[in-house]
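Report on the following structure.
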Amino acid sequence: MKNKTSSPPREGEARPSRCPDNSAFKQQKLPAWKPQLTIATVLSSFFLTGAFCLSVGVCLILSTNSVREIQIDYSDKCSDCSKLRENSSNWNKECHCSVNFMLKEDILGDVFMYYGLQNFYQNHRRYVISRSDAQLLGRNVNIQKSYCAPFTTYRNGTPMAPCGAIANSMFNDTIDLFYNLKSSVIQVPLLKTGNSWWTDKNVKFRNPKSYNLSSAFAGTARPPYWQKPVYLLDEEDERNNGYINDDFIIWMRVSAFATFRNLYRRVSRIRQFADGLPAGNYTFRISYNFPVTKFKGRKYVILSTVVWSGGSNPFLGIAYVVSGTAATLTGFVITAIHLKLRKKKAYFQK
Amino acid sequence: MADPIRWARYRWQRLISSEGREGSSSSNSSNKCYQSSKTIGKHRIVIPCLGHFKEEYEKVSKLYMNNKIRTTKYTLLNFLPRNLFEQFHRVANLYFLFLVVLNWVPLVEAFQKEITMLPLVVVLTIIAVKDGLEDYSKYKMDKQINNLLTKVYSRKEKKYIDECWKNVNVGDFIRLSRNEIIPADMVLLYSSDLDGICYIETASLDGETNLKQRQVVRGYSEQVSEIDPEKFSSRIECESPNNDLSCFRGFVEHSNKDRVGLSKENLLLRGCTVRNTEAVVGIVVYAGHETKAMLNNSGPHYKRSKLERKVNTDILWCVLLLILMCLTGAIGHGIWLSRYSEIPFFNIPEPDGKLIPPILAGFNMFWTMIILLQNDIDFYHEKTDSTIQCRALNIAEDLGQIQYIFSDKTGTLTENKMVFRRCSIAGQEYCHEENAKRLESYQEMDSEDEDSADHQCGSSTHMSKWRGHNCRAVNEPLNRKSLNQLSGSYPALGREDGAGDGPHSGHVAFSSPIETDVVPDAQLLEKFSQISSHSYQQSEEASSRLSLEAMYITDFFLALSICNTVVVSVPNQPRHKMRHSSLGRMPIKSLEEIRQMFQRLSVRRLSSSPLPSVKESSSESPNSFVSKLSIFRMKLASPALDGAAQRAAEPHDTDSPENSQVPQELGTVNVAASCEHNDAASSIEVSALPKLCYEAESPDEAALVHAARAYKCILQSRTPDQVTVDFAGLGSLTFQLLHILPFDSVRKRMSVVVRHPVSNKVVVYTKGADSVMMDLLRTASQVGTNNSEMEQKKIKKRTQKHLDDYARRGLRTLCIAKKVMSDAEYAEWLNHHFLAETSIDNREELLLESAIRLETELTLLGATGIEDRLQEGVPDTIQALRKAGIKIWMLTGDKRETAVNIAYACKLLEPDDRIFTLKSQSRDACALVMSKILEGIQNTSAKKKPSQKLGNVSASVSTQAPGFSAGLVIDGRTLEHVLHDSLQNIFLELTEKCRAVVCCRATPLQKSVLVRLVRNKLKAMTLAVGDGANDVSMIQVADTGVGILGQEGMQAVMASDFAVSQFRHLRKLLLVHGHWCYTRLTNMVLYFFYKNVAYVNLLFWYQFFCGFSGTSMTDYWILILFNLLFTSVPPIIYGVLDKDVSAEILMQLPQLYMMSQKSVAYLPSTFWITLLDAFYQSLVCFFVPYFTYYGSDIDIFSFGNPINTAALFIILFHLLIECKSVTWIHTVVTVGSILFYFVFALAFGATCKSHNPPSNPYWIMEKHMTDPVFYLVCLLTTCVALLPRYLLRVLQGTLFPSPVLRAKHLDRLTPEEQREAIKRWKDDCIVNCRVDFQATSGSSNSATGAVPEEESIASVLPTSETPFQACSRDGLVEDTSFLPDIQDESGHTNGLDSEKTVFLNSSNETNSDTFGSNNSYAKVSVCASEEDSSAVSLAHKAGLNSVLCEENALMYFTKLEC
């Protein structure tokens, strides 16, 4: 493309004739495939596409159907809690709340526990940018220059760690799952780590280097909405604390839609939960911290399995089936047209 | 302030007039006063920088520029600001700058500040670099030119020393040798030529390769020795620098206050080359940028194509759409915000804690949206902006939409090879039958000749081959044809140095044999030889005793050979003019010179009695010449003569004029050799054969001189003082040349004033257009009715009849007349003329007056008819173009009969056509006639309608009313009425009904007015094609101007947008390249709209799900690079290479052109359908991933990734669907783009942990590449998005194939099938036509019925105003009613209808703006700018060039490229 401009011969050499060279390119006579889009030539493509889409669609629907999912709205389950959280001055008052539910059948396989939020516009432009990736990498940076404003420093100049609106608004409910087996209550073992992307946990998020975490975050303060500083996010596991806390990392991966879910825990497949969650009565014990009434939102807790094609959303499969059908039908229609025309020998005979 | 100037001017005028009348008598003081006040005013004073002038020189000249030139636009310092300033002149750039600035406002910052700047910066940088490089090459060129060396007189060293051009100042003396380029405009003070003549070649100025004469200032030419600058004590006063190349006014004031007028004949222009003159000395009057050449060097002109204009309106639509989208976003955001009574987490308050009220937030959001959604159109603008840079190629697509062609006749439709066909002398016609036969046989030879030229294209060595031939030519016997080729290569030989890049090396100065060889008419030759033999005895007596007819014949041929400005030269030394040189000045003399010298002496001595020997030998039979010649050859064994003898020995050449001279030479050489020079024999070898070459300013002149030569009335030499004619019967006659009144378009004639050597009387020979000449003839009433008067009257009548006949046969006619003046008359006239010549201010008018005073009372000698042959392939081309639905108008300066006949010859008019001739004296009559004609046409077509319905209803092939064909012929004077505002509309209505319009006697101005009228009123695409200076204005006015590299220089080509070498190349240019360019560009433009709308809408849809907050789900880098990198190359390839139908089929089926003419590919509906499709595709592309990922834990950039990837696939595959032909380049580019996208996304995803806050697509692509859902989503999205368009194209291809598609289908057939199919197609058309035809014949009764009806109209009108004839059928049928009309017309001739420049001396109106690039460097810079301009146009150019060249169309631009 670039060197195709005919190179002008230098003055001084034997002056060539003014006739440009007779190459296929310059004469625009490259061998070309000239597709002629007529029914006869493209008929097969419609049927092939149709068949392919139908088969993929069926596969997708089948796999999606195997997904078991249960979703519980708990935003109003403990009305007192939600009332309490409406007033932000009660930020440090604890409020607990239990939600009972029943599994009618076993949920086999890996079971994932999500929290879901509705009407929370995490994708708001100014919200999305309100973070400092450099800070989260553990670097000592001047966050004043970042997009964190107004959640950068307190009035006295103490920087917030982590800064920005995303971190500040982190989902801070804690949810535990209990299995009520014959009046005995067994806490379902849940995995706190391994829920985030490996690259996020190991590359994108780093704690500042220091001999211990609290000293690493010395001179910084927690974001205003937080109850505890960042180095106390998980006091039990050193490798899940500070910026590399899985819950934090997942929250920081800003959701695409206003209604979304984030992976919270995974059911650890040990003991009686080795095959998944058995049918029966379960209870969620939730420490209710995250206010949703402020933005007219809801919050959910979701238990779900996952297949290769994602979650329980059947859209893709249906879409494939529909478009496959459409393509096949179109194929039939144009075949009819084709046959009719051929009978009349009307091709290019006008 | 104004008063002193006015006063000064008044004084000046007084000064001039008094100066003219009584010499210099005005007071010294006023003179001084004037000068001091005027140095900066209208005139400039040039004083040599020497001795006593020193102080005054410094005072006067410090304001004058020196010769250093700077054509660069920028300097190192001002490059950046100035370039930016220029670039921000473009609205698009300004708009984007505004957006960038907007992004710096924190409230509405949608992107990171720096990233938004990227596209703008990239575009600005690319253009700045391009401008910079262009400018740098200009700078280098300037430097090179400034440092050229020339010889300047140095006061210190008292001699001429080498100086750089840039150090030349006004007032310097410069000495130039032969073949040197003139560094500045200077007044010629000395020429080594004895006659004070300097020859210059102006090829670099106007492309004319013939030599121009320049004359030493009067008073200096008599000096024998070279002028000594030390002694030069005069001052020169001339006009201030201006750009009028054809005009220079001033005077030299000697120290004794004598004044000598200066004209352009005394001025050597910068950039020209000195030829044939050993040395010249001049004084610089204008230097550097004040030279006329530089002042003429205006930049290229820009035209905007129709498509571009259309696109601009559509861009406006897109902007409107954008604003609508932004408004939606803003309002949506406001509403969304107002839903919340409290501050949600995600809505970040201002740093001061306050929240913005929803309305204000909405307002802010509007601007944010604009930034967010702005990155459409961006790339597009970059493209158009750069394409505007190049001079002509931005309108290449217009070639596909031409509806009207305005064609010049001479040189465009015809070859402009003038062939002498007929003459009429003293009322007796000589029809030259044999000459006509000869021409027939040349038809074939000529085409052969062109074939051979075809073959030579491509071999880069043909030139050197020719040169080799040339060297050997004298020794080798050559056949006629190769000699012909040789003569074509002479100019190239003569211009080996530097100037060799003239546009067309051959056929300008040297005529082809078809023009030079004239077979004399037997009858005339016989009469002529009788005169010759008689003349000897009678010449000593009074010439009145000759029979009147004989005298007429003699005078006629004398006039033919004298009354011109032809330069005589010898072919072997092409630019070495024949001159008379005094003995002893040069040691070795050529044979020719000796001979001439001898003759001159003898002629002077014997005055009126020629050498008897000459007479004898000329009356001998040709065979004896040959025998004598052979003896001579044996004796001298001169190789030069050998070749000549060979040539002369050819049977059909035996009577060619050279031979008659050889014996003569023999004699003289012998004499000379024996008595003067011992080395004469050696000189013979160097000498040239007396095969004279005539370099004429117009082909007509050459043709006449050659014709005279055929009758042995041979123009031997021409100097400013005298003309030598070798007259067969009288020997060499040397006429003292008193005056030449050059041709101009107002007078339409030229005259020479000579002193007849025989009668010693002053004789005026005039030749000119018959329309003017007939009025200037002596009328019988004046002196009474003696015999000769009666005779003259009769001659006049008969000649007029002959003239009409010639015109009807399509010949160009000229009248030849003479006038004998007494010395007293002459002296009186001379006095007036001298006054006129020396005046500065209104010299033109005075000169014109003076000329008119001279050219009266003429005696008509006869008339000539010169044929201008049609170019090859013209009728075919015209038919094809007409089939393509293009209306062709012929605009010519020729007279009506000639024009109509040429129109018939080239099938512009068909014998079946009804011809309406508009010819009215008054505007009202004109209006009446036009409305009557219209009525008639409407009646006939209305009557035809029912029968038309019976026929084929399918699309008719012709645009005009089917089955009805009418031609309109209109002449210049009527044209003037018609072009009046009130009649324009009816005229256009009328022309729309006619299939051809012929405008004759149109001035260049009228041509351009007509073009403008059609262009503006009918909103039609116009193309003007022409070859001469008189077509320049029309070429510039038309949407597309095509220049033909003709015989009349480069002016038309310089003004044109495209240049072809032959009219027939228009066919391919329009039908193939026009079609391609148009379809490609329209498709590409539509594609760009589609692409941007589709892509931007993705962002728009997302706004509905992010609270209209202006978030983009794609990373900014990818977003911006998407248009700039990933999807930019395939469309360009598509725009360059796509070929819907092959060239062969396009050529065979001109009907296909009508598709693009109606802009089928770019209807408003197409635009909106494209936009609709874009909307649909973006909807699919957004919502399939949306629903797939709805409610999942997907993050924002992971959601954007499949959308973006799918968009890439959709956009690229959409292109493939639209592509008409796919080559490996398409494949490579498409696959390459996809790969590039993935590689980039992967690499970016792997590295950008924190480099790119806040958007952070870290590892997203990698994650997706392992996710089957990603692939499934992309696949489904692509399929669903493209399905409708695919289906549409399939159905269109099957059910309603457009002609283009059907033609495309033909490409796929085997050659036999193809031939069959094309034939069938054509048959279809013929059937259509036939149906039309039947319709015509069915209604022919009505048509014929209309004729008498019209005739009755004509008879209703007063006969004096008989304005038109329904001249049906045959133009050759003699219509006597023409005659009075013609005479009427000639009665009122004034400057309105300037005839096609028969003599082409000057056409002021065109000169000024056509010498666009004065030197080769200017051309190169144009070239450079084109090279750097956008790839698309370049490729188009390359395509145009190469393919046209393939058939020997040497495109002008190819030349620039080389």
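Chain letters run A, B, ... following the sequence lines, proteins first, then strands; residues in each count from 1. Because only heavy atoms are used, hydrogens play no part in the values below, and waters and symmetry mates are left out as well, while side chains stay in.
- Below 30°, between 30° and 60°, or above 60°: for B:F1105 and A:F257 the angle between ring planes is above 60°, a perpendicular geometry.
- Heavy-atom distances place both the backbone and the side chain of A:S255 under 4.5 Å from chain B.
- A:V254 has its side chain out of reach of B:D1195: every pair of non-hydrogen atoms, C-beta onward, lies at least 4.5 Å apart.
- The distance between the ring centers of A:Y121 and B:W336 falls below 6.0 angstrom.
- Distance check: B:L1291 CG to A:T330 OG1 gives 9.5 Å after rounding to the nearest 0.5 Å.
- For A:L60, the part lying near chain B is the side chain, with the backbone staying farther off; criterion is any non-hydrogen pair under 4.5 Å.
- Contact annotation for A:I337: only side-chain heavy atoms (C-beta onward) come within less than 4.5 Å of a heavy atom of chain B.
- For a residue to count as touching a neighbouring chain, one of its non-hydrogen atoms must lie under 4.5 Å from one of that chain's; by this rule A:V203 touches chain B with backbone and side chain alike.
- A cation-pi arrangement is absent between A:K204 and B:W1259 under the rule of less than 6.0 angstrom and at most 45 degrees off the ring axis.
- Shortest non-hydrogen contact noted between A:Y320 and B:L1276 is OH-N, 3.5 Å.
- Only the side chain of A:S323 comes within contact range of chain B, with at least one heavy atom under 4.5 Å from a heavy atom of that chain.
- In this structure, A:Y114 contributes its side chain and B:S1192 its backbone to no donor-acceptor pair below 3.5 Å.
- Not one N or O on the side chain of A:R261 forms a donor-acceptor pair closer than 3.5 Å with the backbone of B:D1193.
- The shortest non-hydrogen separation linking B:L1287 to A:F46 is CD1-CZ, 3.5 Å.
- No other option in B:K1263, B:R1289, B:M1113 has as many heavy-atom pairs under 4.5 Å with chain A as B:K1263.
- Contact of B:Y1186 with chain A is made through backbone and side chain together, with heavy-atom distances under 4.5 Å.
- Only the side chain of B:L1283 comes within less than 4.5 Å of a heavy atom in chain A; its backbone stays farther off.
- The nearest pair of heavy atoms linking A:N313 to B:Y1190 is ND2-O, 3.4 Å.
- Contact record, A:W308 with B:V1269: O-CG2, 3.7 Å, taken as the closest heavy-atom pair.
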Q.
Please evaluate residues A:R253 and B:S1198 with respect to the criterion side-chain contact (heavy atoms from CB on, under 4.5 Å), reporting the C-alpha separation (whole Å), side-chain torsions for both, the decisive distance (0.1 Å), and the verdict.
A. CA-CA 10 Å; A:R253 190 163 276 281; B:S1198 298; 4.1 Å; yes
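- Contacts of B:I1217 with chain A are made by both backbone and side-chain atoms, with heavy-atom separations under 4.5 Å.
- Contact of B:L1288 with chain A is not made at all, since no heavy-atom distance falls under 4.5 Å.
- Neither the backbone nor the side chain of A:S312 comes within less than 4.5 Å of any heavy atom in chain B.
- Among all heavy-atom pairs drawn from A:S45 and B:Y1286, the shortest one is OG-OH, 3.2 Å.
- Interface summary for chain A: among B:I1194, B:L1272, B:T1227, the most heavy-atom pairs under 4.5 angstrom belong to B:L1272.
- Residues A:L341 and B:L1295 meet the side-chain proximity criterion, which asks for heavy atoms closer than 4.5 Å.
- In this structure, the separation between CG on A:L316 and CZ on B:F1187 is 13.0 Å, given to the nearest 0.5 Å.
- Between A:H124 and B:H333, the two ring planes are tilted [angle within 30° to 60°].
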Q.
Show, in sequence, the C-alpha distance, side-chain angles and deciding distance for B:T1111 and A:Y127, and conclude whether the side chain to side chain donor-acceptor pair (under 3.5 Å) test is met.
A. CA-CA 9 Å; B:T1111 320; A:Y127 181 87; over 6 Å; no
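- Judged as a ring-ring contact (aromatic ring centres under 6.0 Å, His included), and not counting sequence neighbours, A:F52 has no contacts.
- Interface remark: B:V1280 contributes side-chain atoms only to the contact with chain A (heavy atom separation under 4.5 Å).
- B:L1275 contributes atom CG, which lies 7.0 Å from atom SG of A:C53 (distance to the nearest 0.5 angstrom).
- Between atom CG of residue A:N123 and atom OG of residue B:S1112 there is a gap of 11.0 Å, rounded to the nearest 0.5 Å.
- No other option in B:D1267, B:I1260, B:L1216 has as many heavy-atom pairs under 4.5 Å with chain A as B:I1260.
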